[in-house]
There are 2 protein chains.
Amino acid sequence: MKYSELKQNLKEHKLRVTDCRMDVLEHFQQQKRALSFRDLEDRFQEYDRVTLYRTLHSFEENGLLHKIPGDSGSAVYGLCNSCGVESHHHNHMHFKCTSCGVTECIDTPINIPSVSLPKDYKMSDMDVIINGLCKLCNN
Amino acid sequence: MKYSELKQNLKEHKLRVTDCRMDVLEHFQQQKRALSFRDLEDRFQEYDRVTLYRTLHSFEENGLLHKIPGDSGSAVYGLCNSCGVESHHHNHMHFKCTSCGVTECIDTPINIPSVSLPKDYKMSDMDVIINGLCKLCNN
DNA sequence: GGTTAAATGCAACTTTCTTGCGGTAAGATA
DNA sequence: TATCTTACCGCAAGAAAGTTGCATTTAACC
């Protein structure tokens with residue numbers, strides 16, 4: 001993705017354009033997978049840990065990234081193609097490879113069934129995490 | 001649940017019977033909801049933090065509890081009724097209340113649809129986390 | 001270019017989780 | 001029930017993860 005598009009992307013989310021944010025956003029675009037704070041820390045040693053934390057938080061707060069529930073303890077962030085400004089409450093589907101540990105967004109629109117909850121429960125949205133083997137580890 | 005039953009439950013999972021384990025297991029039974037390490041730490045100040053960590057880990061390892069993915073960073077553990085010794089690979093469904101934060105297991109057997117994954121991906125199991133209002137907060 | 005609010009870097013700190021080890025107690029065996 | 005073995009416990013220390021405050025720098029706006 002071109003520099004101008006990244007810049008535009010940040011501005012659309014009301015985020016000030018800085019080196020750190022441009023680099024982090026570009027990295028998410030290129031990697032096409034969910035990244036943890038640790039991933040960013042390893043990749044961008046030129047930026048302070050605190051700055052990376054704050055970058056992730058502001059990205060999340062402004063709807064550019066969303067947090068993916070992970071059982072490993074540390075949070076993982078994903079950049080879904082379907083993550084538009086208005087579509088905050090869509091249902092996320094993610095694939096986590098049990099072999100290599102990579103988490104990816106599943107963009108294939110799948111009609112998630114209307115779950116029959118017990119009486120008086122009200123669903124707002126749901127996270128679906130599919131565990132298994134990704135295309136690389138499955139071959 | 002009676003003392004003898006708790007004891008039996010531990011033994012069935014090849015776990016040595018100790019005070020800490022009995023108390024923790026009983027607490028899970030009584031609470032009927034998912035508990036975080038923090039919950040246990042607050043509840044059982046008479047036990048060492050490390051002991052509680054190890055208790056959770058051994059319970060998880062031996063299939064008595066399972067880890068529920070949480071986006072808050074800290075892991076949450078649940079004791080499903082359907083968690084038998086043999087049924088390790090069943091699909092979990094959990095409800096997390098966005099108001100009070102309580103996570104519960106949804107025991108209603110719901111047939112989770114066969115998701116159409118991209119080519120070459122292989123699913124083993126899935127975690128489904130439904131967010132919304134629980135019956136207490138919805139009234 | 002000058003102004004202002006926001007982002008950054010640094011330091012210090014809190015919280016969360018892990019490891020190692022000596023002492024203790026559960027479970028087995030006789 | 002006495003003894004033995006091994007797993008569990010508590011304590012201490014430390015590693016990892018995340019937060020806060022503040023002075024400095026810089027993006028965005030005029």
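Scope of the values below: all heavy atoms of this structure, side chains included, with no hydrogens, waters or symmetry mates. The chains referred to below are lettered A, B, ... by the order of the sequence lines, with proteins before strands, and numbering in each begins at 1.
Protein atom OH of A:Y47 is 17 Å distant from nucleotide atom P of D:dT25, rounded to whole Å. Atoms CG (A:L52) and P (C:dC10) sit 12 Å apart, rounded to a whole Å. Atom CE of A:M22 and atom C1' of D:dT26 are 15 Å apart (whole Å). What separates CG of A:D42 from P of D:dA17 is a distance of 10 Å, to the nearest Å. For the pair B:R54 CZ and C:dT16 P, the computed distance is 19 Å after rounding to whole Å. The nearest whole Å value for the distance from the CG atom in A:D19 to the C1' atom in C:dT8 is 11 Å. Computed from coordinates, the A:E46 CD to C:dG9 C1' distance equals 13 Å when rounded to whole Å. Taking atom NZ on A:K14 and atom C1' on C:dA6, their separation rounds to 16 Å, with Å as the unit.
Closest contact between the side chain of B:Y53 and the listed nucleotides D:dT19, C:dT16, C:dC10 involves C:dT16. For A:R16, counting side-chain heavy atoms from C-beta on, the closest listed nucleotide (C:dA6, D:dT6, C:dT18) is C:dA6. Considering only side-chain atoms of B:R21, the nucleotide from D:dC9, C:dG27, C:dT8 that sits closest is D:dC9. The listed nucleotides are D:dG21, D:dT26, D:dG18; the one nearest the side chain of A:R49 is D:dG18. Between C:dT8, D:dA28, D:dA17, one nucleotide has an atom nearer to the side chain of A:K11 than all others, and that is D:dA28. Here the side chain of A:T51 is nearest to one of D:dC9, C:dG9, C:dT18, namely C:dG9.
Smallest separation of non-hydrogen atoms from A:C97 and A:C137: SG-SG, 3.7 Å. Contact detail for B:R21 and B:L15: the closest heavy-atom pair is NH1-CD2, 3.8 Å.
Note: A:F44 and A:H27 have perpendicular aromatic rings, judged against thresholds of 30 and 60 degrees for the angle between ring planes.
Checked against the 6.0 Å centroid threshold, B:Y77 and B:F59 do not count as a close aromatic pair.
When each of B:L15 and B:E41 is assigned the nucleotide of DNA chain C bearing its nearest heavy atom, the one mapping closer to the 5' terminus is B:E41. Residue whose closest nucleotide on DNA chain C sits further toward the 5' end, between A:D48 and B:R38: A:D48.
Rounding to the nearest 0.5 Å gives a distance of 7.0 Å between CG of A:L136 and OH of B:Y121.
The side chain of A:H57 places an N or O atom within less than 4.0 Å of a non-bridging phosphate oxygen (OP1 or OP2) of D:dT19. At the phosphate of C:dT8, OP1 or OP2 sits under 4.0 Å from a side-chain N or O atom of A:T18.
A:V17 comes within contact range of the sugar-phosphate backbone alone, with a heavy-atom separation under 4.0 Å but no base atom that close.
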